[in-house]
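In what follows, residues are counted from 1 in the order of the sequence shown.
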Amino acid sequence: GALRLPGVQFEAVTYVPRAIPGVAANPRFVGDAVQAIRIHVTDHNQVEPLELGMHALALITAEARRQSVQVLPQSLDMFAKIAGTSRLYRMLSSGVDGAAIIAAWQKDVAAFKQRRGKYLLYAT
């Protein structure tokens, strides 16, 4: 099924990477046609960028696994440093989808919001 997230639409596209001075001197696959997904933001008030990223990461990981391609880094230590925890790596490695990854951190988010309350100068 198609991924339906509020505030965004997805479009399958083909593009040819090119060098952009000062930005990308030698992009991967330069000159080759590449299949990609373009994300159109239709309502910036509804988009949750981190959640969108988790869905995308889970889908890319699942597709790579389906094609027997190694997409996750070999170094769990480096991945954990980037992600801040090894939980994300374990979840992606086990095939968990984006919704389950997002659900896994909701208890932590609620606890953080409760702790931060006494430090806020203005109510949000």
Side-chain angles (χ1 to χ4, degrees):
L3 182 61
R4 300 198 192 295
L5 299 174
V8 294
Q9 291 180 342
F10 302 94
E11 174 189 11
V13 297
T14 301
Y15 76 99
V16 178
R18 61 182 175 79
I20 302 171
V23 177
N26 282 318
R28 289 183 70 188
F29 309 111
V30 68
D32 295 335
V34 175
Q35 302 296 313
I37 300 295
R38 179 174 289 139
I39 301 171
H40 295 277
V41 175
T42 58
D43 184 347
H44 70 276
N45 291 314
Q46 291 188 348
V47 176
E48 293 292 341
L50 181 59
E51 292 183 12
L52 174 60
M54 289 301 106
H55 283 289
L57 187 57
L59 287 170
I60 290 167
T61 303
E63 181 61 18
R65 183 179 300 107
R66 191 181 71 72
Q67 295 184 28
S68 299
V69 173
Q70 175 65 35
V71 69
L72 292 174
Q74 296 295 320
S75 170
L76 172 59
D77 187 49
M78 181 53 75
F79 189 91
K81 286 178 182 173
I82 293 169
T85 177
S86 60
R87 179 171 57 177
L88 177 58
Y89 186 92
R90 288 191 310 270
M91 293 180 87
L92 290 168
S93 295
S94 66
V96 172
D97 69 9
I101 292 170
I102 294 162
W105 76 55
Q106 294 309 308
K107 185 177 176 182
D108 296 334
V109 169
F112 170 77
K113 286 182 178 179
Q114 185 176 12
R115 280 193 316 270
R116 77 171 184 165
K118 63 184 175 183
Y119 301 104
L120 293 177
L121 297 177
Y122 304 99
T124 57

Exercise for review: Only pairs at least two apart or in different chains count here, so list each side-chain hydrogen bond (donor to acceptor under 3.5 Å, both in side chains) that has a residue in residues 53-68.
Suggested key: E63-R66, E63-Q67
Review point. Do Y89 and I82 come within less than 4.5 Å of each other through their side chains, counting heavy atoms only?
Key: no
Check your understanding: If you group Ile, Leu, Val, Met, Phe, Trp and Tyr by side-chain heavy-atom gaps below 4.5 Å, do V47 and I39 land in one group?
Key -> yes
Review point. Do R87 and D108 sit within salt-bridge range, that is, some charged N less than 4.0 Å from a carboxylate O?
Key: yes
**Study point:** Euclidean distance, L76 CG relative to S93 OG, rounded to 0.5 Å
**Key:** 8.0 Å
Point to revise | Results of salt bridge (charged side-chain N to carboxylate O under 4.0 Å, His left out) for K81 - residues two or more places apart only | key: D77
Point to revise | Pairwise distance CZ(F10) to CG(L52) - rounded to 0.5 angstrom | key: 5.5 Å
Check your understanding: Would you say V69 and L59 are hydrophobically clustered, going by side-chain heavy atoms of ILVMFWY under 4.5 Å?
Key -> no
Point to revise | 4.5 Å side-chain heavy-atom contact, W105 and M54 | key: yes
Show me the donor-acceptor pairs within less than 3.5 Å that the side chains of residues 15-29 make with the rest of the protein, sequence neighbours left out.
none

Point to revise | Reported CD1-to-CG distance for the pair I101 and L88, which is rounded to 0.5 angstrom | key: 5.5 Å
Study note, to complete from the structure: For T42 and V8 the tightest heavy-atom approach is OG1-N, 3.6 Å
Review point. Considering only heavy atoms from C-beta outward, does the side chain of H40 approach that of R38 to under 4.5 Å?
Key: yes
**Study point:** Partners meeting salt bridge (charged side-chain N to carboxylate O under 4.0 Å, His left out) with D32 (sequence neighbours left out)
**Key:** none
Practice item. Determine whether more than 12 heavy atoms belonging to other residues, nucleotides or ligands lie under 6.0 Å from atom NE2 of H44. Key: no
Revision key, fill the gap. Residues at least two apart in sequence or cross-chain that pass side chain to side chain contact (heavy atoms under 4.5 Å, CB included) with T14, listed by chain then number, are A33, Q35
Practice item. Return the set of residues passing side-chain hydrogen bond (donor to acceptor under 3.5 Å, both in side chains) with Q106 (not counting sequence neighbours), or none when no residue passes. Key: none
**Study point:** Verdict with supporting geometry, K118 and R116, side chain to side chain contact (heavy atoms under 4.5 Å, CB included)
**Key:** CA-CA 6 Å; K118 63 184 175 183; R116 77 171 184 165; over 6 Å; no
Review point. Do V13 and I37 have side-chain heavy atoms sitting under 4.5 Å apart?
Key: no
Check your understanding: To the nearest 0.5 Å, what is the distance between CG (L57) and CG (D97)?
Key -> 12.0 Å
**Study point:** Q114 atom CD, neighbour heavy-atom count above 12 within 6.0 Å
**Key:** no
